[in-house]
Amino acid sequence: MRYAMAIDTKKCVGCSDCVVACQTENNVPIGYCRDWIVEVTDGTYPQLEIELRSERCNHCENAPCVRCCPTGASHYEDGGAVLVTPDKCIGCGACITSCPYDARYSHPDGYVDKCTFCLDNRVKKGEDPACVSVCPTKCMYFGDLDDLNSDVSQVLKKRKWKTLIPEAGTKPHVYYLI
Amino acid sequence: MKEELITSGRMNPYIDPHLNIWHWQIPLYLFLGGLAAGILFFAALYTIQGKADKYPTAVKIAPLITPFALVLGLIALFLDLKHKLYFWQLYTTLRLESPMSWGAWTLMVVTPLSFVWSALNIRQIFPNWDWRYSWVKNIEAFFRKNIITLSWILLIFSLILGVYTGILFSAFNARPLWNTSILGPLFLASGLSAGAAAIVLISKNHFERKQMAKIDLIIIGVELFLIIHMFMGFLASTQVQIDAASLFLGGPYTTPFWLFVVTLGMVVPAVLEILELNGYRMPRWLAPVLILFGSLMLRFIIAYAGQESRWLY
Ligand code: SF4
Ligand code: SF4
């Protein structure tokens, strides 16, 4: 099993519903976020192009944050999701420094926190992650890459996609449809 | 003009607008670790070579600083941790992939060794020192008998410690400024040079001071070579590393780096030492103090600038 997410940059309108849904679902401390919207404007005026995307931890297959963690608090969970065990985390910040996407933050309680794909609280119960289920344009797909019939596998077969900074060698599991 | 504008809705504390998670604790920890590594390296080296009498300060006196330096360094590391109650988790596993892990273990080896070495030389400070219990005397006798073995272990671990202070940074490919293998040897050299400077500062022996000053001159030469090499590597690399180098070549860190680290920390003390070796009278403390200052600044500037360098996407 390999969990993955595909996010359609053509459908995203940047409404931030996914951000708020995540904050509510996961009790994210005020002033922090586990997912966020990025707007990239490209081109020469007046021919401008905008790309909107909802970003989060990429649950990398070759995750530098897992490699750099001295205690094993950052680890791969079943299905390849990258999680942090708060009781093992010493808050050294090595993982925060090692993430090319700056997807992690230091929780006010001291340990390091980030997107979990809602693994324990939703996915294991058969639900989609909070961000996926709340998106009003239905621009996100979540599922198992090893299951060729899953939504994610299907949409990645049909559409063109990219990952963020592939040259960093992290092998992200969050894909952006372009 | 073709433009690209990136706006992010993320504003996490210590992460945005640029990473700022490591503060003074980490560079101080690395400086003290490097300094201790440098001093212990020379102590072990001269013991192995049988030159303890020629270099009394390097072998017997300067190492007395190292337990303090290492314990202070460990305290600084501890202060940096944000989940402090779980500190012990660091010593439940050894993960060779993680420099933070094997570095913490290296310190756990070097710190006790520095205490042993200092205990063996405590009579340099307190000539009438006597251990109260006979078992301590037995331990002392054991180490004295095996001093060469102890020195070899110390030599190897001090080198590992010295390189580690640089590898801790260079293992992060997410920060282009740090992601160069030059940082390991550069920080090792900086630690050795700080160690030599500390010996020059303390020593009252004319021969020893002269020899250590010469060694420092050579190490400064190596450091300058490595720094030039590092920038050449950056400028010949990808855009992210060119951007990283430009922090020091016109960017916000240009003055602090070239003034404090290179000029005041390397070039000026090198010139002072050359003049002194040629018989000019100089304030004796000036060159070594400048070298120690430069070594500290190197860690601070690399630590802070590295966190500002990043991939853009
Ligand atoms: S995006 Fe960052 S935090 Fe997430 S798995 Fe990759 S390196 Fe780790
Ligand atoms: S902050 Fe926690 S999760 Fe991150 S590297 Fe350190 S111990 Fe591991």
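Below, chain A is the first sequence line, B the second, and so on; all start at residue 1. Hydrogens, waters and symmetry mates play no part in the numbers below; they use all other heavy atoms, side chains included.
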* What is the distance from atom OG of B/Ser8 to atom CD of A/Glu55, rounded to the nearest 0.5 Å? -> 7.0 Å

* Which heavy atom of B/Asn173 sits nearest a heavy atom of A/Ala168, and at what distance? -> ND2-O, 3.1 Å

* Side chain, backbone, both or neither: which part of B/Arg310 has a non-hydrogen atom closer than 4.5 Å to chain A? -> side chain

* Asked: Could you state the interatomic distance from CD1 (A/Ile96) to CD (B/Gln307), rounded to the nearest 0.5 Å?
  -> 10.0 Å

* Structure fact -> Scanning both residues in full, the closest heavy-atom pair of A/Ser98 with B/Ala174 reads O-CB, 3.2 Å

* Asked: Does CD belonging to B/Glu4 count more than 12 external heavy atoms closer than 6.0 Å?
  -> yes

* To do: Let me know if A/Arg53 has heavy atoms under 4.5 Å from chain B in its side chain, its backbone, both or neither.
  => side chain

* **Nearest non-hydrogen partners of B/Pro13 and A/Gly31, listed with the distance** => CD-O, 3.7 Å

* Count the heavy-atom pairs under 4.5 Å between each of A/Val112, A/Val40, A/Ile37, A/Asp102 and chain B, then report the option with the highest count. => A/Asp102

* Asked: Has B/Phe68 got more than 12 heavy atoms of other residues, nucleotides or ligands less than 6.0 Å from its CZ?
  -> no

* Region of B/Asp80 that comes under 4.5 Å of a non-hydrogen atom in chain A -> both

* Asked: Which residue pairs pass the ring-ring contact (aromatic ring centres under 6.0 Å, His included) test with at least one member in residues 158-178 of chain A, sequence neighbours excluded?
  -> A/Trp161-A/Tyr175

* Tell me, for A/Cys92 versus chain B, whether the close heavy atoms (under 4.5 Å) come from the side chain, the backbone, both or neither. => both

* To do: Against chain A, label B/Leu90 side chain, backbone, both or neither, depending on which of its atoms sit under 4.5 Å from a heavy atom there.
  => both

* Interface residues of residues 60-87 of chain A facing chain B - heavy atom cut-off under 4.5 Å -> A/Val66, A/Arg67, A/Cys68, A/Cys69, A/Pro70, A/Thr71, A/Gly72, A/Pro86, A/Asp87

* **B/Leu19 and A/Thr97, any side-chain heavy atoms less than 4.5 Å apart** => yes

* First locate atom CZ of A/Arg104, then atom CD1 of B/Ile15, and finally report the distance between them rounded to the nearest 0.5 Å. => 10.5 Å

* Using a 4.5 Å cut-off on heavy atoms from C-beta on, say whether the side chain of B/Tyr86 contacts that of A/Cys89. => no

* To do: To the nearest 0.5 Å, tell me how far A/Ile90 CD1 sits from B/Phe78 CZ.
  => 10.0 Å

* Asked: Where on B/Trp102 is there a heavy atom nearer than 4.5 Å to chain A: the side chain, the backbone, both, or neither?
  -> neither

* Does A/Lys11 NZ have over 12 foreign heavy atoms under 6.0 Å away? -> yes

* Asked: Between the main-chain N or O of B/Asn12 and the side-chain N or O of A/Trp36, is there a donor-acceptor pair closer than 3.5 Å?
  -> no

* Asked: Tell me, side chain or backbone of B/Thr7 under 4.5 Å from chain A's heavy atoms, or both, or neither?
  -> both

* To do: For each of A/Cys99, A/Pro29, A/Gly110, tally heavy-atom pairs with chain B at distances under 4.5 Å, and name the one with the top tally.
  => A/Gly110

* How far apart are the C-alpha atoms of A/Glu167 and B/Trp311, what are their side-chain angles, what is the distance that settles it, and do they pass the side-chain contact (heavy atoms from CB on, under 4.5 Å) test? -> CA-CA 10 Å; A/Glu167 59 274 30; B/Trp311 293 81; 3.3 Å; yes

* Flag yes if more than 12 heavy atoms outside B/Lys84 fall under 6.0 Å of its NZ atom; otherwise flag no. => yes

* **Winner by heavy-atom pair count (cut-off under 4.5 Å) against chain A, out of B/Met100, B/Lys82, B/Glu97** => B/Lys82

* CZ of B/Arg10 to SG of A/Cys33: how many Å apart, nearest 0.5 Å? -> 7.0 Å

* Might you confirm whether atom CZ of B/Phe87 has over 12 heavy atoms from other residues, nucleotides or ligands at distances under 6.0 Å? => yes

